[in-house]
J.: 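One structure is given below, represented as structure tokens, and several questions about it will come after.
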There are 2 protein chains.
Amino acid sequence: MQKEIKVAIIEDEHEIRQLMTLIIDGSPGYSCKQSFDNCEDALLNLAADPPDVVLMDIDLPGISGIEGVRKLKEKMPGTDFLMLTVQDDDESIFNSVCVGATGYLLKDTPPAEILKAVEDVNKGGSPMSASIARRIVSSFKAENSTSLSEREIEILRHLCNGENYKVIAEKLHISGHTVRSHFKNIYKKLQVSTKAEAVKKAINERII
Amino acid sequence: MQKEIKVAIIEDEHEIRQLMTLIIDGSPGYSCKQSFDNCEDALLNLAADPPDVVLMDIDLPGISGIEGVRKLKEKMPGTDFLMLTVQDDDESIFNSVCVGATGYLLKDTPPAEILKAVEDVNKGGSPMSASIARRIVSSFKAENSTSLSEREIEILRHLCNGENYKVIAEKLHISGHTVRSHFKNIYKKLQVSTKAEAVKKAINERII
DNA sequence: TATAGAATACCGCATATGGGTGATTGAAGC
DNA sequence: GCTTCAATCACCCATATGCGGTATTCTATA
């Protein structure tokens, strides 16, 4: 058997924290010697003996779990963070993974699956509750069908590289006037009126 | 028990296809009455009786599995696609989820887990092999270290909404001059020189 | 306490940009 | 043969933008 997986818990509700601690510490292959009811204490004490995996709640008094991951991750880059929360809104999910959480479980996850998730994280995976995974995967899906012509997409691509009309015109061997005409049509089709919006839309809708 | 989950397989290797068909069709709660060794045939026949889940290989003769998902998804928007492939490069993974695959398994996944994944997909999840999930989650992680101040990030956010200096100034109750000063600093820090580039960088590096 | 950085504010200048309008050409489709 | 549309080019005008400066205030933090 491999080395025991060292787990820490940050969770403000005593009952849940104690229950989780008991479950983890009582399971062979896992240990949980550190638990906190807020991020501030964790920030002061956790880095002294970094765990392999941290189970992190989001709705905490003081520093939120998301902010906590960001700060703790700096001190313990080798530790994986697994969110364990009731929050299932997009903002919480995406902010969590953006700051470095490697997994995201909802609190209705049965204990056996939480243990499996901890092991999974430790092995290099990213366990997520089914609905969370779906949302993350869906976020990649292209919302196709913007009726931009080939040429317009080409120009949009140049725009995204920060090139101005003149440069684009030179690269495409057309006049600046033409580039501007294309831009006007692109703006109309994308329903925007500035370069900034066009770039945003181009990236978010994966046109480019 | 719920309705049987109807599964279809698209996989060019006969042995694997037959084996998978047998495993799925032989498992209670699952049926597999349709299997193809290429996307072309699937495109002609599958939509007549859309399955719940399609297990899709990527490396196929003719139309690739990724292109196949894109085309089939148009015809059968209610069907979920689960990639089952040896390809574990970033391009395959991200292209798959971008065209609409809802799960991604590597071929070394044991049959029991494949069955579980099919069920998971059908329930609204997005099963992924551990290393795949990690890669997708990691793709969100902000490569921090853009030392933008809070205020600068706030201004960048407004920029991404297509607002110009004047509008941003009004919204933040500061003068246009100040907004422009902030922009200068933002450009310096991001090493860009236009709004378009700034927006691109802001989105790609998830600063906003 | 000294220093750095953040946020604020201002000036001037050359150029880029967005809006409006209009025209020609060639290929695709009816 | 006619229509439509993408692609090309053109002009006018008001404003926005990027770049070069300079300066004050406040707050961390070394």
J.: Report yes if at least one side-chain N or O of B:S149 is closer than 4.0 Å to OP1 or OP2 of C:dG5; otherwise report no.
T.: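 No, because none of the side-chain N or O atoms of B:S149 sits under 4.0 Å from OP1 or OP2 of C:dG5.
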J.: Within the distance-only criterion (no hydrogens, no angle test), does the side chain of B:S64 pair as donor or acceptor with the backbone N or O of B:D59 below 3.5 angstrom?
T.: no
J.: Using modelled atom types only, decide if a donor and an acceptor are shared between the side chain of A:T79 and the backbone of A:P51 within a distance under 3.5 Å.
T.: yes
J.: Verify the distance criterion only: is there a donor paired with an acceptor across the side chains of A:H182 and A:E152 at less than 3.5 Å?
T.: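 No.
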J.: Taking only nitrogen or oxygen atoms into account, show me every contact under 3.5 Å that the protein makes with nucleotides 19-21 of chain D, one pair per line with its distance.
T.:
from	atom 1	to	atom 2	distance (Å)
D:dC19	N4	B:R180	NH2	3.0
D:dG20	O6	B:K184	NZ	2.5
D:dG21	O6	B:K184	NZ	3.2

J.: Starting at CD of B:E154 and ending at C1' of C:dA6, how long is that distance when rounded to a whole Å?
T.: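 Checked: the CD to C1' distance equals 13 Å.
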J.: Give the residues of residues 167-177 of chain A touching DNA chain D, defined as any heavy atom closer than 4.0 Å, sorted by residue number.
T.: A:I174, A:S175, A:H177
J.: Round to a whole Å and report the spacing from CD of A:E150 to C1' of D:dT8.
T.: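 Answer to the nearest Å: 17 Å.
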J.: Rounding to a whole Å, what distance do you find between A:N164:CG and D:dG18:P?
T.: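 Spelled out: CG on A:N164 to P on D:dG18 is 11 Å.
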J.: Pick one: which of A:I9, A:I5, A:L55 meets side-chain contact (heavy atoms from CB on, under 4.5 Å) with A:C32?
T.: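 Of A:I9, A:I5, A:L55, side-chain contact (heavy atoms from CB on, under 4.5 Å) with A:C32 is met by A:I9 alone.
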J.: Tell me if a side-chain donor or acceptor on B:S92 pairs with a main-chain N or O of B:D88 at a distance below 3.5 Å.
T.: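 A pair under 3.5 Å: no.
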J.: In this structure, how many angstroms lie between the P atom of C:dG19 and the CD1 atom of A:I186, rounded?
T.: 13 Å
J.: So if I apply the side chain to side chain donor-acceptor pair (under 3.5 Å) rule between A:D49 and each of A:Q34, A:K33, A:K6, which one comes out positive?
T.: A:K6
J.: Rounding to an integer number of Å, can you tell me how far A:L148 CG sits from D:dA7 C1'?
T.: 14 Å
J.: Run the salt bridge (charged side-chain N to carboxylate O under 4.0 Å, His left out) test on B:D89 and B:R135 for me, step by step, so that the C-alpha distance in whole Å, both residues' side-chain angles and the decisive distance to 0.1 Å come before the verdict.
T.: CA-CA 10 Å; B:D89 56 294; B:R135 242 163 323 156; over 6 Å; no
J.: Provide, to the nearest angstrom, the distance between the NZ atom belonging to A:K188 and the P atom belonging to D:dA6.
T.: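 That distance rounds to 11 Å.
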J.: Tell me which nucleotide among C:dA7, D:dT8, C:dA6 gets nearest to the side chain of B:K189.
T.: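 Taking heavy atoms from C-beta onward, the closest nucleotide is C:dA6.
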J.: In whole Å, what is the span from the CZ atom of A:F183 to the P atom of C:dA16?
T.: 14 Å
J.: Got a donor-acceptor contact below 3.5 angstrom from the A:D120 side chain to the A:K116 backbone?
T.: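 No.
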J.: Give the rounded distance in Å between these two atoms: NE2 of B:H158 and P of C:dA7.
T.: 13 Å
J.: So, OP1 or OP2 of D:dA16: does either fall under 4.0 Å of a side-chain N or O from B:K166?
T.: yes
J.: Begin with the C-alpha distance, continue with both residues' side-chain angles, and end with the deciding distance and a verdict on salt bridge (charged side-chain N to carboxylate O under 4.0 Å, His left out) for A:E11 and A:K107.
T.: CA-CA 11 Å; A:E11 158 68 59; A:K107 277 198 176 158; 2.8 Å; yes
